[in-house]
Amino acid sequence: DTGVSQNPRHKITKRGQNVTFRCDPISEHNRLYWYRQTLGQGPEFLTYFQNEAQLEKSRLLSDRFSAERPKGSFSTLEIQRTEQGDSAMYLCASSPPGLGTEAFFGQGTRLTVV
Amino acid sequence: AQTVTQSQPEMSVQEAETVTLSCTYDTSESDYYLFWYKQPPSRQMILVIRQEAYKQQNATENRFSVNFQKAAKSFSLKISDSQLGDAAMYFCAYRSHRLGGAQKLVFGQGTRLTINP
């Protein structure tokens with residue numbers, strides 16, 4: 001297992017189009033997180049899965065955003081009707097069970113909305 | 001809600017010297033975790049060091065150490081013998097110890113560290 005994998009690495013899309021990103025966490029990691037990072041800022045929490053259940057969503061996650069984690073394995077993050085303000089790096093992280101365990105991050109998907 | 005503040009947007013240090021990155025946080029919780037993450041250009045974020053709030057002893061990992069001041073809500077990172085490979089964005093992060101919580105990370109704005117040869 002080589003770590004958290006995110007695809008695609010880069011995505012350029014026109015405003016109004018839908019995009020979907022994929023995250024493959026480290027095996028045996030039951031927790032999966034999505035964060036958004038804009039240029040020069042720290043990552044901001046978007047949503048959290050424990051196994052297949054989506055247990056928490058940030059207010060940042062508007063109704064244009066939807067995330068899934070079928071069968072508790074990989075996860076997808078979809079943005080509908082993209083806006084220029086959605087341009088950012090979308091980071092996925094996973095962590096094993098337990099309190100205070102380390103979160104391992106993927107390399108992210110950089111989204112540019114033109 | 002918890003907040004994390006890094007007041008130094010950029011820092012630079014000469015190779016082999018020591019540098020300290022500052023971080024303050026705000027929380028009403030008594031038990032939590034603090035982390036420093038490193039994000040090299042175009043590469044994924046990796047954990048540098050972590051500190052459990054209930055531990056009084058400051059964490060150390062090779063050339064990296066922290067100065068954890070719980071009462072002051074301060075958590076600085078010291079890098080000794082700086083190396084060119086230490087150049088990166090450094091993020092301070094907070095995680096609640098609350099059972100049943102998301103265990104999500106709350107990040108500061110980051111400090112860009114430059115190492116001068």
Side-chain angles (χ1 to χ4, degrees), chain A residues 1-7 9-10 23-26 29-51 53-61 67 69 88-110, chain B residues 1-10 21 23-25 29-55 59 61 75 88-113:
Chain A
D1 196 319
T2 57
V4 179
S5 176
Q6 292 189 246
N7 288 287
R9 293 287 310 280
H10 303 275
C23 171
D24 288 272
I26 295 172
H29 282 194
N30 66 332
R31 295 190 179 121
L32 187 146
Y33 305 82
W34 285 98
Y35 291 85
R36 182 170 67 188
Q37 185 179 22
T38 53
L39 202 61
Q41 299 297 315
E44 294 175 296
F45 170 76
L46 291 179
T47 190
Y48 160 67
F49 289 87
Q50 184 165 304
N51 299 311
Q54 188 175 21
L55 298 184
E56 188 167 337
K57 292 195 294 185
S58 164
R59 285 173 291 179
L60 292 175
L61 213 65
R69 192 183 182 195
M89 176 77 83
Y90 290 84
L91 298 172
C92 177
S94 69
S95 63
L99 288 172
T101 54
E102 179 182 349
F104 292 81
F105 283 81
Q107 290 187 285
T109 295
R110 180 167 296 284
Chain B
Q2 295 83 22
T3 58
V4 178
T5 301
Q6 293 178 249
S7 59
Q8 304 157 316
E10 297 183 354
L21 308 184
C23 172
T24 58
Y25 59 94
E29 299 177 333
S30 60
D31 205 5
Y32 45 87
Y33 300 90
L34 295 166
F35 303 84
W36 278 97
Y37 276 87
K38 171 185 177 181
Q39 188 177 41
S42 301
R43 296 182 62 185
Q44 70 256 54
M45 202 168 311
I46 56 174
L47 179 66
V48 174
I49 198 166
R50 56 177 275 172
Q51 174 81 41
E52 290 90 344
Y54 66 86
K55 289 186 177 179
E61 287 287 342
F75 183 62
M89 282 290 288
Y90 285 81
F91 292 97
C92 178
Y94 172 103
R95 173 183 276 171
S96 172
H97 190 274
R98 182 170 52 89
L99 283 173
Q103 300 287 298
K104 64 190 177 192
L105 291 162
V106 178
F107 287 90
Q109 305 92 321
T111 296
R112 182 176 301 282
L113 179 63

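Note that the structure is a prediction, hence the values are computed from the model and not measured.
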Say you draw a straight line from [atom1] of [X] to [atom2] of [Y]; how long is it, rounded to the nearest 0.5 Å?
X: B/Q44; Y: A/C92; atom1: CD; atom2: SG; answer: 12.0 Å
X: A/F105; Y: B/L47; atom1: CZ; atom2: CG; answer: 9.5 Å
X: B/K104; Y: A/Y48; atom1: NZ; atom2: OH; answer: 11.5 Å
X: A/E102; Y: B/Y37; atom1: CD; atom2: OH; answer: 5.5 Å

Do B/L105 and A/Y33 have side chains that get closer than 4.5 Å, going by heavy atoms? no
Within the 4.5 Å heavy-atom criterion, are B/M45 and A/L91 side-chain neighbours or not?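 A side-chain contact exists here, since the closest heavy-atom pair is under 4.5 Å.
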Under 4.5 Å from any heavy atom of chain A, what part of B/Y32 do you find: side chain, backbone, both or neither?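 Neither the backbone nor the side chain of B/Y32 comes within 4.5 Å of chain A.
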A/R110 versus chain B, heavy atoms under 4.5 Å apart: side chain, backbone, both or neither?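 Contact with chain B is absent: no heavy atom of A/R110 under 4.5 Å.
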Chain B heavy atoms under 4.5 Å from A/Y35: which part of the residue, side chain, backbone, both or neither? side chain
Choice from B/M89, B/R50, B/E52, B/R43 maximising heavy atom contacts with chain A below 4.5 Å: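 Max contact count across the listed options: B/R50.
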Just checking, any donor-acceptor pair under 3.5 angstrom between side chains of A/Q37 and B/Q39? yes
Other residues, nucleotides and ligands only: do more than 12 of their heavy atoms fall within 6.0 Å of CZ on B/R112? no
